[in-house]
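In this text the structure is predicted, and so the values were computed from the model without any measurement. A note on names: the letters A, B, ... follow the listed sequences, proteins ahead of strands, and every chain is numbered from 1.
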There are 2 protein chains.
Amino acid sequence: MQPSGHQLIGQQTVVANGASIHAIDPSTGETLIPTYAGGGKTEVDQACALAEEAFATYRESSLEERAAFLETIASEIETIGDALIERGMAETGLPRARLEGERGRTCGQLRLFASVVRAGEWLDVRLDPALPERQPLPRVDLRQRHVPLGPVAVFGASNFPLAFSVAGGDTASSLAAGCPVVVKGHSAHPGTSELVGRAVQAAVAKCELPEGVFSLLFGSGNDIGQALVADPRIQAVGFTGSRRGGQALMATAQARPQPIPVYAEMSSINPVFLLPEALKHRGGDIAESFVASLTMGAGQFCTNPGLLIGLAGPELEAFVDAAGEAVKASATQTMLTPGIHATYQDGVGALAGHDKVRQIARGPAGDGPYQCQAALFATTAADFLADDALQAEVFGASALVVECANPEEMQAVATQLDGQLTATLQMDDSDLEAAKALLPVLERQAGRVLANGWPTGVEVCHAMVHGGPFPATSDSRTTSVGSAAIQRFLRPVCYQNLPAGLLPDALKDGNPLGVSRLVDGKREA
Amino acid sequence: MQPSGHQLIGQQTVVANGASIHAIDPSTGETLIPTYAGGGKTEVDQACALAEEAFATYRESSLEERAAFLETIASEIETIGDALIERGMAETGLPRARLEGERGRTCGQLRLFASVVRAGEWLDVRLDPALPERQPLPRVDLRQRHVPLGPVAVFGASNFPLAFSVAGGDTASSLAAGCPVVVKGHSAHPGTSELVGRAVQAAVAKCELPEGVFSLLFGSGNDIGQALVADPRIQAVGFTGSRRGGQALMATAQARPQPIPVYAEMSSINPVFLLPEALKHRGGDIAESFVASLTMGAGQFCTNPGLLIGLAGPELEAFVDAAGEAVKASATQTMLTPGIHATYQDGVGALAGHDKVRQIARGPAGDGPYQCQAALFATTAADFLADDALQAEVFGASALVVECANPEEMQAVATQLDGQLTATLQMDDSDLEAAKALLPVLERQAGRVLANGWPTGVEVCHAMVHGGPFPATSDSRTTSVGSAAIQRFLRPVCYQNLPAGLLPDALKDGNPLGVSRLVDGKREA
């Protein structure tokens, strides 16, 4: 299967007539075919009308039907075979192993959500049986379940062409919740997007679902995305990308006659606290594993460790030296797009030119047009605390070491941090008291706190939180990775005194779906 | 205990110097003493600074400490005794029985949240144990719990001087979640607010909690509320009131450097569908119980049934006649404030003057200055569908009957409704098919769907949803009544590979808190 240059609206393939989009091979700068004619309001309107129509049926699909659909998408993606990997490599510059791994993660994610749909925890079933004899007033029968919000707009992310794009986490969790999806594909990898979109389209047909359950649109510029978020049929938005992009969608969503939730995962520098005993006993190992995490995938991860905080002294100096050497020895890697490369260069340049920041090391320059030259900088806590600009995310392999004069300064840096996706403690047993002092601060700042590991490599599981306070995301109450992501697209409904014949299956006497329930406030597994 | 005219900031009583506020006895128009000097930015700053300081300690309080605090608030409110009821009656015009009942509900609500805190479901504990042997990559240990958001701003509601005011549902659920509360008391009942505020203040002292866990501010106009929502230390907002007021707070919350969630419960007309068989067999009974619900508390409930939809014909005519007679025979009641009375008069006047609406009946005029004269109107579905203004909420005892030419028109009316707190079906067994056709539409429109009852009288329990799509509320994903309300003030945090000594109790091996947990996606009760 090769990409054809079409948008997918329901079961149709559509040729739009807007400005052209074509992918670029970032390893060469070469323009790839086919060219995609961008869509606009017409395509948004068609896709949303179909999604709204499909919602009436899809929201009522059984747990088994919905789970089977997610599994069918996974197997249809696998059926594409190597054509998907090759197109992905050409459009993103990412190596084969990474894309094969990401495909595995994408399909695994779809299958995880299938199991989540079947388990039915997401229904959050609550029953408060009638108490006809209660004084002074009887209680009527009350039952609660969660229902899907409605059609969801999903924006493909540039840095996960499979796992956070057309059939990625936002799409999987929306479909699992019972919400049709209209994807705005990322212009950096339209061919990869189309191939995956065709797999979803095929799964819709195989499962005999209404065609509007899924559409895939392309468009140059921001107009099509804004039109999609403004469409009255769209009821929620999933986005992973820049802070500016996320905030623009938040503004549009709030300005609608009916505001809707936006789940935007935006920016994070993922602070790592190098506690003294850990640094003393294994500073060299930490430096090595740090640079491996920093430079993995050219550092193009939301969880890239961009800030290290340690106590000034010989141990930190030794760490910085070792990390600097590792950065110099790191392999050159192609960045995802010319735009990301340019922004990375600007960010690194700003740090290099900052009069309170000193450059520790740069990686090798590399040969291609859009190579990432890893960078390590250092500053003092006093200077860091005095300039918020030093908290700006540099997307790509770039990190700043903050040298603290004492533990109080380390605590002050932690307290002044913006919201983060992650916060990491490098600690030994004897650092426990220092870690205990930091933990309450880090819990307030981040969605995930980890010890003795690195924040890259986000596990897709039930306990994962890939989220965090603003500006890490637009809504700290949720996660975009892991099974709890389904909750973003649901809302509770209470059914009071309904006759048995009118009750949804999830709420019927005898628990026909076999789901966990809260009965009079008590959990029945 | 008598009110003193003070604001309460932590354990202090404060005299502010802003514009004066004084309650009015709406049954006479008489001004009540004491006068309250309104607060402003100074008081907001003091209260928020204390709340932020208290959060560090209060968020770490044990389940038992927090539950005992909620129970102590309840007993301190009961200790005030009849002075609270008498002050409430003077400030609101509500009868003794209603306020005694509301006090019971308020204290019951606090005790329900104490039991919810102890049960620990709200922690949403999830464990994904390490899988060191997994291929191709091992999985590290991942655990999740929910943590409180931070200090919460709560706005007292005019129509529930106890149950949705100083120690009402928003305060109880915030405190249960571990969030300090800064209340902006409603200017209509400052004395009642102060008395309850002093009870909370006493409970804080008795439980030896940091004083900033609770403050109570007053202020005339909107400035103090806007300043409170804009304060960077406030992390969420609970509000019950008008759509205009709620939307102003939403705009302020979104315009902050760090946007925060606003839970505003705003406007709803609570449609009631009169299905044909029910109307045929018991139209008279339905008319009688309808008018009882419509006129209860002068109709000053968010769940007041303001819209009735039926099929035109002799049964609906008989229903309208019977309801009209009951309206004419209804007792006159004092409205809560001169402002609410004026707005009610405007709303009823607009319906009375609408050329597509005919007046069915008005209640007796009454003697006092701010009496509610119940009103019943009728229009056709065609006219209703043609004019969105007919969906505007009239706060108070006023309802509009919509006559549909056929079932399709009834479905069209349901589909075109704005978001609602409730939707009601009056149905007999033989109406089941008609109800089945409406239910999917009503589930999308409302937070609660009920059969053969009336939406007033909201049960405080686990399955309740007092929420719904915009404009009923600002956030359909939650409820403001019932135990699930605690979720509004929480966010998830994931702990990855933390040493045992650093794990919060909720997540420790052996489950020391004895809470329900999701282990590898499977529920352990």
Side-chain angles (χ1 to χ4, degrees), chain A residues 56 60 115-116 119 121 126-128 139-140 142-144 147 150 250 254 258-259 261 429 432 435-436 439-440 443-444 447-453 459 461-465 467 469-470 474 476-477 479 483-484 490-499 501-502 516 518 520-521 523-525, chain B residues 56 60 115-116 119 121 126-128 139-140 142-144 147 150 250 254 258-259 261 429 432 435-436 439-440 443-444 447-453 459 461-465 467 469-470 474 476-477 479 483-484 490-499 501-502 516 518 520-521 523-525:
Chain A
E60 303 280 358
S115 75
V116 164
E121 279 284 331
R126 293 161 173 249
L127 306 180
D128 291 318
R139 180 171 84 185
V140 295
L142 292 144
R143 307 180 188 220
Q144 186 196 115
V147 300
M250 288 166 71
Q254 281 296 319
Q258 175 223 14
D429 287 350
L432 191 62
K436 277 186 181 171
L439 185 61
E443 276 172 339
R444 288 190 69 178
R448 177 163 56 115
V449 179
L450 56 154
N452 298 327
E459 183 74 33
C461 61
H462 305 285
M464 178 48 62
V465 178
F470 187 90
S474 56
S476 73
R477 297 164 293 174
T479 175
S483 66
L490 298 165
R491 46 175 278 265
V493 174
C494 174
Y495 302 79
Q496 178 174 322
N497 196 38
L498 252 57
L502 208 49
S516 162
L518 205 65
D520 255 334
R523 174 66 59 188
E524 294 183 353
Chain B
E60 303 280 357
S115 75
V116 165
E121 278 285 331
R126 292 162 173 247
L127 307 180
D128 290 318
R139 180 172 83 184
V140 295
L142 292 145
R143 306 179 190 222
Q144 185 195 115
V147 300
M250 288 166 71
Q254 281 295 320
Q258 175 222 14
D429 287 349
L432 192 62
K436 278 186 179 169
L439 185 62
E443 276 174 338
R444 288 190 69 178
R448 179 164 54 115
V449 178
L450 56 154
N452 298 328
E459 183 74 31
C461 61
H462 305 284
M464 179 49 62
V465 178
F470 187 90
S474 55
S476 73
R477 297 163 294 174
T479 174
S483 66
L490 297 165
R491 46 176 276 264
V493 174
C494 174
Y495 302 80
Q496 178 174 323
N497 195 38
L498 252 57
L502 208 50
S516 162
L518 205 65
D520 255 335
R523 174 64 59 186
E524 294 184 353

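Top candidate by heavy-atom pairs under 4.5 Å with chain B, chosen from A:G453, A:A119, A:P261, is A:P261. Ranked by heavy-atom pairs under 4.5 Å with chain B, the list A:M464, A:R444, A:E121, A:R143 is led by A:R444.
The shortest side-chain heavy-atom distance between A:N452 and B:N497 falls under the 4.5 Å cut-off. Using a 4.5 Å heavy-atom threshold, the side chains of A:L502 and B:K436 count as touching.
Only the side chain of A:L518 has a heavy atom closer than 4.5 Å to any heavy atom of chain B. In this structure, the portion of A:L490 lying under 4.5 Å from any heavy atom of chain B is its backbone and not its side chain. Contacts between B:D429 and chain A at a heavy-atom distance below 4.5 Å are absent for every atom of the residue. Contact annotation for A:R139: both backbone and side-chain heavy atoms come within less than 4.5 Å of a heavy atom of chain B. Contacts of A:A484 with chain B are made by both backbone and side-chain atoms, with heavy-atom separations under 4.5 Å. Looking at A:S516, the atoms closer than 4.5 Å to chain B (heavy atoms on both sides) all sit in the side chain, from C-beta outward. Contact annotation for B:L439: only side-chain heavy atoms (C-beta onward) come within less than 4.5 Å of a heavy atom of chain A. Interface remark: A:Q258 contributes backbone and side-chain atoms alike to the contact with chain B (heavy atom separation under 4.5 Å). Both the backbone and the side chain of A:E443 come within contact range of chain B, with heavy atoms under 4.5 Å apart.
Nearest heavy-atom pair across A:A451 and B:P499 is CB-CD, 3.9 Å. Scanning all heavy atoms of the two residues, the minimum distance from A:R477 to B:R477 falls at NH2-NH2, 3.3 Å. Nearest heavy-atom pair, A:C461 versus B:L142, reported as atom, atom and distance to 0.1 Å: SG-CD1, 3.6 Å. The minimum heavy-atom distance between A:R126 and B:S483, with the atom names listed, is NH1-OG, 3.4 Å.
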Subject >> Steps toward side chain to side chain contact (heavy atoms under 4.5 Å, CB included) verdict (A:Q144, B:V465) >> reply: CA-CA 8 Å; A:Q144 186 196 115; B:V465 178; 3.6 Å; yes
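Within the model, atoms CD of B:Q254 and CE of A:M250 stand 5.0 Å from one another, a figure rounded to the nearest 0.5 Å. Distance check: A:R491 CZ to B:S476 OG gives 5.0 Å after rounding to the nearest 0.5 Å.
A donor-acceptor pair is defined here as one N or O able to donate and one able to accept, closer than 3.5 Å; such a pair exists between the side chain of B:D128 and the backbone of A:H462.
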